[in-house]
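Here's the structure, in structure tokens; my notes come after.
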Protein chains: 2
Amino acid sequence: MHPKLDNRIRVFRAEHRMSQSDLAEAIGVSRKTISTIEVGKFVPSTIIALKIADYFNVPVEEVFSLIKDEEETA
Amino acid sequence: MHPKLDNRIRVFRAEHRMSQSDLAEAIGVSRKTISTIEVGKFVPSTIIALKIADYFNVPVEEVFSLIKDEEETA
DNA sequence: CCTTAGAGTAACCTATAGGTGTCATTAAGG
DNA sequence: CCTTAATGACACCTATAGGTTACTCTAAGG
């Protein structure tokens, strides 16, 4: 029903040379939250999306993007 | 703990002259979801935030923004 | 070899997102 | 006046976000 959600968190982490724990601490969530979001296990709340994007100083759209159905099955 | 979330959905709806039902239908959620998000009753998922922003052709940050603690208590 | 850091995952739990339906209120129109 | 559209709000329900703790595995270093 809902499209899937792609994320580039690990890329931004790599650029900033920080671990999942570092980012988790920086934005005030658990490491598990960062890990499971990265792996795509669940869709984060808008607050977390804004915090992550804000932390990396990029728009939300650069971190998270909707995967259209065609792309999903591609 | 988490900052609050501000939204300008009703402003964008006004500009596009559409009702909550119209928007709900357009992005594939219930009217109640739009209504409760607008009123600030809960924080939507990143997927819904992206869909709404995408629908109005603006970045997520123009529709949703974090309310910092100082602003909250102001 | 051992230790440590980084990451994935699993079980478990609680809070809440988001669906349903229904009702009350308001504004606009016949 | 009655009807209809738009919105807010309620009860109720299910799925899942996101927390904790702990285990596993890998890579890097001593």
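These values consider heavy atoms only, across backbone and side chains, with no hydrogens, waters or symmetry-generated copies.
For dG8(D), its base sits under 3.5 Å from the side chain of Arg31(B) at one donor and acceptor pair at least.
Remark: P of dT16(C) and CG of Leu5(B) are 15 Å apart, rounded to the nearest angstrom. In this structure, His16(A) atom NE2 and dG6(C) atom P are separated by 17 Å, rounded to whole Å. As a whole-Å value, the separation of Ile37(A) CD1 from dA7(C) P is 14 Å. Atoms CD (Glu25(A)) and P (dG6(C)) sit 12 Å apart, rounded to a whole Å. As rounded to whole Å, 13 Å separates atom P of dT20(C) from atom CD1 of Ile34(B). In this structure, Glu38(A) atom CD and dG18(D) atom P are separated by 14 Å, rounded to whole Å. When the C1' atom of dT16(D) is taken as reference, atom CD1 of Ile48(A) falls 13 Å away, rounded to whole Å. Rounded to an integer number of Å, the gap from NZ of Lys51(A) to C1' of dG18(D) is 12 Å.
Phosphate proximity of dG8(C) to Arg10(A): present, with a side-chain N or O under 4.0 Å from OP1 or OP2. Residue Lys41(A) has a polar side-chain atom (N or O) positioned under 4.0 Å from OP1 or OP2 of dA10(C). A close approach under 4.0 Å does occur between a side-chain nitrogen or oxygen of Arg13(B) and OP1 or OP2 of dT7(D). Taking side-chain N and O atoms only, Ser45(A) has a distance below 4.0 Å to OP1 or OP2 of dG18(D).
A donor-acceptor pair under 3.5 Å is absent between the side-chain atoms of Lys4(A) and the main chain of Ile67(A), judged by distance alone. Under a 3.5 Å cut-off, the side chain of Asn7(B) and the backbone N or O of Val63(B) do not form any donor-acceptor pair.
Among the nucleotides dA10(C), dG18(C), dT7(D), the one closest to any side-chain atom of Lys32(A) is dA10(C). Listed nucleotides: dG8(C), dG8(D), dA6(D). Nearest to the side chain of Gln20(A): dG8(C).
A 4.5 Å side-chain heavy-atom check between Ile37(B) and Lys41(B) finds every atom pair outside the cut-off.
Below 30°, between 30° and 60°, or above 60°: for Phe12(A) and Phe56(A) the angle between ring planes is below 30°, a parallel geometry.
Side-chain contact annotation: Ser19(B) with Arg31(B), donor-acceptor N/O pair under 3.5 Å absent.
If you check every strand for non-hydrogen atoms under 4.0 Å, Ser35(A) touches a base. Across all strands shown, Ser30(A) has heavy atoms under 4.0 Å from base atoms, whether or not it also approaches the sugar-phosphate.
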